[in-house]
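Encoded as structure tokens, the structure appears first; notes follow it.
Lettering follows sequence order; numbering is per chain, from 1.
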Protein chains: 2
Amino acid sequence: MGDQEPVVNPNLPVYVYVQVADAIERDIRTGRLPVGARLAGEQDLAEQYGIARGTARRVVQELRDRGLVVTLPSKGTYISEPPAEG
Amino acid sequence: MGDQEPVVNPNLPVYVYVQVADAIERDIRTGRLPVGARLAGEQDLAEQYGIARGTARRVVQELRDRGLVVTLPSKGTYISEPPAEG
DNA sequence: CCCGATTTGTGCGTATGTATC
DNA sequence: AGATACATACGCACAAATCGG
């Protein structure tokens, strides 16, 4: 359970942080990650996807930029109402 | 009392957190840190070994990965039965 | 029952070094 | 030469749980 590392493929001409962000956005839009749920922390994301912590941070920043999550300092990052696709 | 900072040598090609984890594992296997005893807190470890708290956290995580300790949130980290050396 | 100290958990920012593309 | 990515390391702040007085 919870194993889905194959999302990351360093050989693809797509940035790792974008690949992971896309995967998480998919999980949000399909409801696998429900609104209000807490996203895994940077360290956990790094371990789950087999990426570095710095990259995990870029993933979260990307998700924030997409308006998919909100981060509460010292608490965590939570799924928010996703905007329309586009 | 309790001064043993020379364990840490940033110039060595061995990560600081590994150096400290090795030192603690030694203390566990020699019985200096008996099973059931409470390991010093992250802040204390940081001060004792002259490292940052973040690094002390990685030390504890490493010890957990080695199966040498168990951590109880908001309580502390305790020495557990060490597995066979390998 | 509340207050403060302690401790782990988590986040943010930054820096260094290496490797790859 | 530069960007991406990885791993380590330092430092700081706050949250939440626990425990003792």
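- Rounded to an integer number of Å, the gap from CD1 of A:Ile51 to P of D:dA7 is 10 Å.
- Atoms CD (B:Glu47) and C1' (D:dC10) sit 15 Å apart, rounded to a whole Å.
- Grouping Ile, Leu, Val, Met, Phe, Trp and Tyr by side-chain contacts under 4.5 Å, direct or through others, puts B:Leu72 with B:Val70, B:Tyr78.
- Residues in residues 67-86 of chain B take part in no salt bridge (Lys or Arg N to Asp or Glu O under 4.0 Å) pair, two or more places apart or across chains.
- Residue A:Tyr17 contributes atom OH, which lies 7 Å from atom P of D:dT4 at whole-angstrom precision.
- For the salt bridge (Lys or Arg N to Asp or Glu O under 4.0 Å) condition, the pairs that include at least one residue of residues 49-58 of chain A, sequence neighbours left out, are A:Glu42-A:Arg53, A:Glu42-A:Arg57.
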Under 4.0 Å protein heavy-atom contacts per nucleotide of nucleotides 7-14 of chain C, with B for base, S for backbone only and - for none: BBBBSBBB

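- The nearest whole Å value for the distance from the OH atom in B:Tyr15 to the C1' atom in C:dG17 is 9 Å.
- For B:Thr55 (side chain) and B:Tyr17 (main-chain N/O), no donor-acceptor pair under 3.5 Å exists by modelled atom type.
- Looking at residues two or more places apart in sequence or on another chain, you find a salt bridge (charged side-chain N to carboxylate O under 4.0 Å, His left out) between A:Arg66 and A:Asp22, A:Glu25, A:Glu62.
- Under the side chain to side chain donor-acceptor pair (under 3.5 Å) criterion, A:Arg38 pairs with no residue, sequence neighbours left out.
- Summarising the geometry, the separation between CZ on A:Arg58 and P on D:dA3 is reported as 11 Å, rounded to the nearest angstrom.
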